2 protein chains.
Amino acid sequence: MSTNFQQHKAGDLHFLKRLNRSAILELIRRAPGMTRADIATQAQLTKATVGAGVQSLLEQGWLSEGELQRSGGGRPGRSLYLNEQHYVLLGAEVDVHGLRLVACTLTGQILTSRQEYLAPTTPEITADLLADLLRALRSSPEVAGRQCLGVGIALPGPIDPKKPILRLAPNLGWRDIRFLDLLRARLPELDSLWLMDNEAKSAAFGELYFRTDKITDSLVYVSAGTGIGSGMVEGNHLPLISRGLQGLAGEIGHTVLQPGGLYCRCGNRGCAETLVSGWSIRAALGIAEDQSLSEALQPRLGEAEVQVTLRRAGEALGTLLLNLHHTQNPSEIVLGGSLVQIGAPLLDPALTYFKANQNSLLGTTQQVPIRIIEDSTFVSARGAAAQVLARAIHGPGELL
Amino acid sequence: MSTNFQQHKAGDLHFLKRLNRSAILELIRRAPGMTRADIATQAQLTKATVGAGVQSLLEQGWLSEGELQRSGGGRPGRSLYLNEQHYVLLGAEVDVHGLRLVACTLTGQILTSRQEYLAPTTPEITADLLADLLRALRSSPEVAGRQCLGVGIALPGPIDPKKPILRLAPNLGWRDIRFLDLLRARLPELDSLWLMDNEAKSAAFGELYFRTDKITDSLVYVSAGTGIGSGMVEGNHLPLISRGLQGLAGEIGHTVLQPGGLYCRCGNRGCAETLVSGWSIRAALGIAEDQSLSEALQPRLGEAEVQVTLRRAGEALGTLLLNLHHTQNPSEIVLGGSLVQIGAPLLDPALTYFKANQNSLLGTTQQVPIRIIEDSTFVSARGAAAQVLARAIHGPGELL
DNA sequence: GCTACTAAGTAAAAAGTTTGAACAAACGTG
DNA sequence: CACGTTTGTTCAAACTTTTTACTTAGTAGC
């Protein structure tokens, strides 16, 4: 479900044409401002083929021409950019705190966003509200004139990799929900691409895909909130999301860090979430669910009990990061989620532990960067929009 | 390095032809006995294209025609198989115990194998011996008449994903070795494909690739010997090996299971290897390195100390498997390596723990199969041969 | 200001691949 | 033994990329 397409085993002539168009688009997407000649060199195509491809992409509103480039001798080439005016991508996230929506351009620029607080309720009521918000977003002034490529939804739980079913969302109290079907039924007028995915996987995909500087081979996004999830994206040309058999790939909150430790919500003992997660910190420090965790902690940071709890949670988080390093070894780790707002008391022990231990095996000095996203409000929703774009470019269908 | 090719961004006409040839080959490889008509249906190609492709593959010795198939009405189709007579794949593994070599056919049938004991020594001496053995294997009666597609080498340590450098092999005492260059220099007459990879990754690849029944999307091979390594292979059409930035993906022996626990060989504390690994069991029970671990344990299985150590090691192994389940969630886990020979005292606790805990999160009854390979002597060498085949079929080059 | 030079992009013929439709081959059935 | 059915092949047609030549647009030198 979503961004890992079965590569067409074989291809006809039309497939080849489409492949070349998408290669051109992908090159421009990742290095904006390329000229036709640059593309011909990098994609190993002839000038003629590139010229024809660019022409059709210009006509379809995918590309736009920019200024003339470096004039060092011969005729200067004309810069090419993604057309930021013609299309729009819609993304949304549902979680315990409510709904978040974004509309963005082909480069991931957010045109407009919405946020609506909603206590966990039934899938149907949630879908009703989300459908209304999507409709409103679609007709907002920033979006209205554009062609909509599709809608991506990010959800807080594992999703079946074969069928669009949300297997479980413990924070919402949902199980085996075909949320995409509920939503599509309420929005028949939007007959473009539809997809849904796990929020950490969407976020990971978006962070890798909507990036033009420091392009990396792989990336893990760690979503630290009420629970701890992660998403791994690998592969340079077309990033693939690791899903696994049941969509459980990335459920690092339920890896065991303390055999025989405390009981977890899942029933096992010693899961990482028993040490570091929104719910376990709340439980340890007696903080109710209806108040913000970081706000409740702020005045209490001087208390010894709070300090110890956060330091231990931070060390557990560091251990989790180190284990990811030795299991997946991503080129970059991105840390987001509401727990990040707790700040240094939690993050310092985590980063210190990770940095101190990451190079013991190889003895190198190469550092795997950990990027911390202070405000990850719209990261998953934007990532879901990124998945829509990826499917439009590389997936099956008559687009492009 | 090895089997993850940068998908040609764009393609010319020749590329398309090659893609279709490789799709035909891949279909027959995975479902031997298909007819041209079956292929045309499944690959979405026309009969004419398939006919031409099959013809050229027959002439090049990739395929052979078999018997006539089901005669239910019309003209029966002719079965197609991989040609088991024309080509040969060579694979070898270097580890603490010595060298292992296999020569196999396109379906992974082992034509002949060699095993040579060798105490860890310098890379040069090892390469000298391995070159001699490869030469001998090449001219053995089972192999001599065949065309060699290439040689794959499996090594016990992380390998740089960009360059063919063995970063570290603690058991051999090697660091930053260009072993493939050493070997190629000694075998200039073998100018076919050359590749090297980590032994667990090679094994994982081979177990998934050389399989025609129960084809799965993904597979993790856990290699439990002196240390603990793993390899993850994912992707149905062309299985991809997870490597990571520094080739550390799969180094599960150095994930932390016991924060603040014993010191590991790597310098960190509480690594899985401190609980379950050849070296830690030897250390705990005072078994010298020059005797076989399983043989030394056999007469001592009644001792309480031995029972406790093995049970604890088994539980740690079970935890490791469960953490893999929640991190990568492979369709199948395959367990090999010399520790498997210890048998039930180690494996029963591991499997019991895994089975008891694997379904707590989703609450399903679906079981992720764990296959135990009793004799994994040639699994990595055969996997390296499988990687040669995959590169010949899908990789760049004029083959096919 | 003119010419020479360089590189980018385009137009039309040429080459190569898949396709489509017709055809030949092989088997079972009545 | 004729008929229906399915497999596999043949050859002209369609389509895409390539090749080649040419136009375009700027810089540099005199």
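Proteins come first, then strands; the chains are lettered A, B, ... in the order of their sequence lines, and each starts at number 1. All of these numbers come straight from a predicted model, not from anything done at the bench.
For residues 25-35 of chain B, the set of pairs meeting the salt bridge (charged side-chain N to carboxylate O under 4.0 Å, His left out) definition, not counting sequence neighbours, comprises B:Glu26-B:Arg29.
Put simply, CD on A:Glu234 and CG on B:Leu245 are 10.5 Å apart, with the number rounded to the nearest 0.5 Å.
The residue among A:Pro76 and A:Ala52 whose nearest nucleotide of DNA chain D is located toward the 5' end is A:Ala52. Ranked by how close their nearest DNA chain C nucleotide is to the 5' end, A:Gly74 and B:Gly74 are led by A:Gly74. Summary of the strand contacts: A:Leu16 and A:Arg78 both lie near DNA chain D, and taking for each the nucleotide with the nearest heavy atom, the more 5' one is attributed to A:Leu16.
Taking a heavy-atom distance under 4.0 Å as the criterion, the stretch of DNA chain C touched by chain A extends 5' to 3' from C:dT6 to C:dT19.
A distance-only check finds no donor-acceptor pair linking the side chain of A:Asn20 to the backbone of A:Lys17 [under 3.5 Å]. Judged by distance alone, the side chain of A:Ser79 and the main-chain N or O of A:Glu67 form a donor-acceptor pair under 3.5 Å. Side-chain N or O atoms of B:Gln42 include none that pairs as donor or acceptor with a backbone N or O of B:Asp38 at under 3.5 Å. Looking at B:Arg243, its side chain never comes within 3.5 Å of a backbone N or O of B:Ala249 through a donor-acceptor pair.
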So which protein N/O to nucleotides 19-24 of chain D N/O distances come out below 3.5 Å?
{"from": "D:dT24", "atom 1": "O2", "to": "A:Arg75", "atom 2": "NH1", "distance (Å)": "3.0"}

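Between B:Leu45 atom CG and D:dG8 atom P the separation is 14 Å, expressed in whole Å. We find that NZ of B:Lys17 is positioned 17 Å from C1' of D:dC15, with the value rounded to whole Å. In this structure, CG of A:Asp12 is placed 17 Å from P of D:dA14, rounded to the nearest angstrom. Rounded to an integer number of Å, the gap from A:Leu13 CG to D:dT17 C1' is 9 Å. Atom CD of A:Gln44 and atom C1' of D:dT17 are 14 Å apart (whole Å).
By the 4.0 Å N-to-carboxylate-O rule, A:Arg138 lies too far from A:Glu189 to be salt-bridged with it. Here A:Arg146 does not pair with A:Glu84 in a salt bridge; the nearest charged N to carboxylate O distance is not below 4.0 Å.
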Kindly determine whether B:Ser192 and B:Leu149 satisfy side-chain contact (heavy atoms from CB on, under 4.5 Å), including the steps that lead there.
CA-CA 6 Å; B:Ser192 45; B:Leu149 277 175; 5.9 Å; no
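Not one side-chain nitrogen or oxygen of A:Asn20 sits closer than 4.0 Å to the OP1 or OP2 atom of D:dT16.
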